[in-house]
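Quick caveat: nothing in here was measured; it's all calculated off a predicted structure. Convention: sequence-line order gives letters A, B, ...; per-chain numbering from 1.
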Amino acid sequence: MNNKEEEQDVTASFNRNEPDIASSSSVGYSGYGEYFHNKELQQLESDVQFRQKYQKEHRVSNPTLFQGCTIYVNGRTNPTRFQLHKLIILHGGTFKHYLSGKTAVTHILATELNASKKSSFANFKVVSPEWVTESIARGKLLPWQDFRIVQVSRLQGKITDFATVRNCMDPNFINAFFKSSRLHHLSNWKFQLRDNFVKEFILSYNDTIPDQKYVYFHIDFDCFFAQVSAKIDGKYDIHATPIAISHGINNSDISSCNYVARSFGVYNGMWVSSALKLCPDLKILDYEFDEYEAISNLFYSALKDIGIFKMVLPISIDEAIGCMLITPDITSELLTQKCMQVRNAVYNVTQGYSVSVGCGPSVLLARLALRKGKPNGFHISWFDTVTECHAFIDHFKLKDLPGIGYSTDLKIKEQFGNVQNISDLRDLLERPSNVSKLIKVIGSKNTKKLQIYLDGKDDDESISMVKDPHTYFQKKSLSVEINYAIRFKTIDDVDIFLERLALHLWEKLRDSNLMTRQITLKLMKRAQGAPVDPPKFMGMGKCDALSKVSNLGTNTQKFGTIASECKTLFRILSVPPEEVRGIGIQFHRLTDSNQKVGQKSEQREITTDLFRKRDHPDDDITNEPSKVAEPHTPVNPTYTSPVKNYWDRHLKRSITPFQYDFPDQLDPEFMSNLPKDVQEEITSHHKVVKKANRSLRTKLYDDPRKQIKQTQDLHFIHDGRLVPQLSFQGLSSAKQISETLIDWVDATVEDGPHEKDLELFTSYLDKLAEQGRCHIILHLIKTIKNRVDDHYNANHEGLEQWEYFLIRRLIPILNKAKPDVKFNLVFDL
DNA sequence: CAAACACCTTAG
DNA sequence: CATCGCTAAGGTGTTTG
């Protein structure tokens, strides 16, 4: 099995030998139990057949390694369950797909066990998959005890059971929440699938793809969660019992329900309480996230192994688009055959899960066909005439079109009255006046997209997904948000939580080898008049969404910078902590951190020499969070932060660009009357607020010494032309500007300069650069550099920021302005 | 008038 | 006891400079 070719060969023959039993609902069985029993027998038989065939083809004798072992694989493993299945049966073992059968399982393979699995598997030999691979490698059955999965809680060291996590200030809250959040899982799975796609794409498509035409197959599980959870639960017939997946019993979302339940009017997204009114017999089952992932892996490997797709585009955990190269001999018979082949392959590889397939000449038509094919079937939208195509599209509802959601649907109906089917919209848009009305309501791009869809064609986004999937699936932003169970009492709570949330996102940034240059903080604020306790337990209720971006001016992967920026942004948004119902952080404008700054261009490498004597790292990549905030334990239950009181006192007057008028200096008398720990609390808080408030603009205008003299519109002669005299902060003489810069550096050695000021200053230099006035730029940079050097012994964080600013933004301006100038000019500084 | 920004919408 | 309302991307309208 060490041989790569042999391994591939195994995969191919493994699939060929699966019994062809997937002719959808026509499988004859009288009850679930019997079906289950038959299914298992068939599987056993096929395993044995496969083993025999393999032995014959490869002339190997009867394997005995795992003889007598009946093995079940739990959760996500490496190698995958699919691969382990092959390994086990090829070496004489028996593979069990379910634990619910009568035959005793001798071993369970798992990488980790959660608390509930730990207790339910207590009487089994639970081992890691290495037991299988190592045994095969050594050619003998190794003692299972050496591969025993001891305790997961020891491995993870965290209590992530939501029931034991008291509230959002619990250090394990974020983990506990995400572990149970279906939406988090959906997003995360998508992230992984896209990531894998991009990685595989580089390997398998490094040759440029010719401008190919495809036939698209949109493949989607029928009520995925419901199917999988029902199979795990094992008690109900998915075709006879109404089933829904949800956490709770009352105001809890139904994430997936089967078609029996839908026949009662139940739908996804409905609360359990209302669903039960429609369908009192509805069975509510739990999520089985590990199993969803395992089945999805089988699903994707099945799609790749069929061999009819040039490319399989990941849409989600249970949904993919297969792209088949178009050939001249395409017939509807051929497409029919391919659809059935896909359905059978998935059914067999996943051991009994049904998918539906939609097939068409565009991504859009494949999607609409899928809708028609559901459930447990397929449909092909292949038309000879435009009229036929229009007729097909016309009978769908507006909301069936991708991109038309609840809100857009409503807007269109409000504008045009009751537009039921797409045909109604087609008729409306015959008149140009209606087209402009539609543009007013949903915008020009959306209108254009709709018009393209009316012809059964793909919009630009779908085209770019298909033509340039590598770019399309590349990550452009990273974010995290939690809008559930968020309840804060003090600004301190917020800071601690923000730090944890930032840590979560920072880890993703680090793991993806990325740096960010722009951070957004997003808050959900309890809407005016909304009840403090919303109908849904711990829910966010009706909220207003607020957000604020911050440009860092440099690419960073520094946890400290990121966390402190988030805290600053929170203060700028000025939402009282107790009104916060949701909180999120986003990173935008990402760059690759592997691409070492110095490598990129000769210029940068040389410019870093400017500061070489300081022996500083030349990028922002060193960044381990020094310590993760631990929760402050309240002194007593009625404890309210003195920071909040202090804050409230200054909340009344609001005159600055920011909503808070915070004193520049802390009142010493006020401070000295406070206990020491409270003093510290205020000082640290004050520091962050100071940064939020600090802006060179406001500061300078407030400062009477720096009252701006109105400069006359003088012009300097440069390069034989008249150029307008530039000014920075209303100051125009070089001397005045230098003084300002020195003050600026002095004022910001501790906390670093404010981004707004940096931008202001850079744009001033840019203008100078445009005019080729390098000597002035040089002079100004030199002024800053000298002043920063003067402060060097102070060892403040702000100095670092100044350095980065000089290297990253000022020197490039200089280089750009005079590319022919030798770099020793820079050294003349 | 382009870029930046805040906010909205969608999908699964 | 309840309950686990995420996240990336594209669009729109307004402000800014």
- prompt: At under 4.0 Å between heavy atoms, what does Ile315(A) touch on the DNA or RNA strands: base, sugar-phosphate, or nothing?
  reply: sugar-phosphate

Item to check | side-chain N/O Lys411(A) vs dT9(B) OP1/OP2, d < 4.0 Å | outcome: yes

Please indicate whether Arg262(A) has more than 12 foreign heavy atoms, meaning atoms of other residues, nucleotides or ligands, lying under 6.0 Å from its CZ. yes

*Under the 3.5 angstrom rule, does the side chain of Arg526(A) hit a backbone N or O of Ala530(A) as a donor-acceptor pair?*
yes

query = Are a donor atom and an acceptor atom from the side chains of Ser316(A) and Asp318(A) found within less than 3.5 Å of each other?
reply = yes

Check whether any side-chain nitrogen or oxygen of Ser181(A) sits under 4.0 Å from OP1 or OP2 of dG5(C), and answer yes or no.
yes

- If you look at every strand shown and take non-hydrogen atoms under 4.0 Å, does Gly403(A) touch a base, only sugar-phosphate, or nothing? sugar-phosphate

>> Tell me whether the count of non-hydrogen atoms from other residues, nucleotides or ligands lying under 6.0 Å of NZ in Lys413(A) goes above 12.
In response: yes

Phosphate OP1/OP2 of dC8(B): any Ser407(A) side-chain N/O under 4.0 Å:
no

dist Cys359(A):SG -> His218(A):NE2 (nearest 0.5 Å) comes out at 12.5 Å

Margin query: When you measure only distances, ignoring hydrogens and angles, does the side chain of Ser187(A) come within 3.5 Å of the base of dC6(C) through a donor and an acceptor?
Written below: yes

dC5(B) OP1/OP2 closer than 4.0 Å to side-chain N/O of Ser547(A):
no

From the candidates dG5(C), dA2(C), dA8(C), the one with an atom nearest any side-chain atom of Arg182(A) is dG5(C)

- Item | Phosphate-side-chain proximity, Lys536(A) and dC4(C), N/O vs OP1/OP2 below 4.0 Å | yes

Checking dC6(C), dT9(B), dG12(B) against the side chain of Ile482(A) (C-beta onward), the nearest is dC6(C)

Practice item. In whole angstrom, give me the gap between the C1' atoms of dT10(B) and dC4(C). Key: 22 Å

Of the listed dC8(B), dC4(C), dG12(B), the closest approach to the Ala545(A) side chain comes from dC8(B)

In whole angstroms, the gap separating P of dC4(C) from CG of Leu183(A) amounts to 9 Å

Separation of dA2(C) atom P from Trp271(A) atom CH2, nearest Å, is 15 Å

Among dT12(C), dC7(B), dG12(B), the one nearest any side-chain atom of Arg367(A) is dG12(B)

Taking dC5(B), dT7(C), dT9(B) as options, the one with an atom nearest any side-chain atom of Gln518(A) is dC5(B)

From CD of Gln474(A) across to C1' of dA8(C) the rounded distance in Å is 14 Å

In whole angstroms, the gap separating C1' of dT7(C) from CG of Asn188(A) amounts to 10 Å

Margin query: Using OP1 and OP2 only, check whether a side-chain N or O of His184(A) sits under 4.0 Å from dT7(C).
Written below: yes

Here the distance between atom P of dG5(C) and atom CD1 of Ile174(A), to the nearest Å, is 15 Å

Candidate pair Lys374(A) and Asp222(A), rule side-chain contact (heavy atoms from CB on, under 4.5 Å), full reasoning: CA-CA 7 Å; Lys374(A) 276 184 182 186; Asp222(A) 303 318; 4.2 Å; yes

Quick note, Thr408(A) side chain, CB onward, closest among dT10(B), dT7(C), dG12(B) is dT10(B)

Are OP1 or OP2 of dG10(C) and a side-chain N or O of Lys445(A) less than 4.0 angstrom apart?
-> no

Rounded to whole Å, CG of Leu523(A) lies from P of dC7(B) at a distance of 10 Å

Which of dG12(B), dC4(C), dA6(B) is nearest the side chain of Ser180(A)? It is dC4(C)

- Query: Would you say dC5(B) has OP1 or OP2 under 4.0 Å from some side-chain N or O of Asn551(A)?
  - Reply: yes

Assign each of Tyr484(A) and Phe177(A) the nucleotide of DNA chain C bearing its closest heavy atom; nearer the 5' end lies the nucleotide of Tyr484(A)

Between Ser252(A) and Leu505(A), whichever has its closest DNA chain C nucleotide further toward 5' is Ser252(A)

Next on the checklist: Tell me whether the side-chain N/O atoms of Asn483(A) come closer than 4.0 Å to OP1 or OP2 in dC6(C).
Outcome noted: yes

message = Does Lys448(A), at its NZ atom, have more than 12 non-hydrogen atoms belonging to other residues, nucleotides or ligands within less than 6.0 Å?
response = no

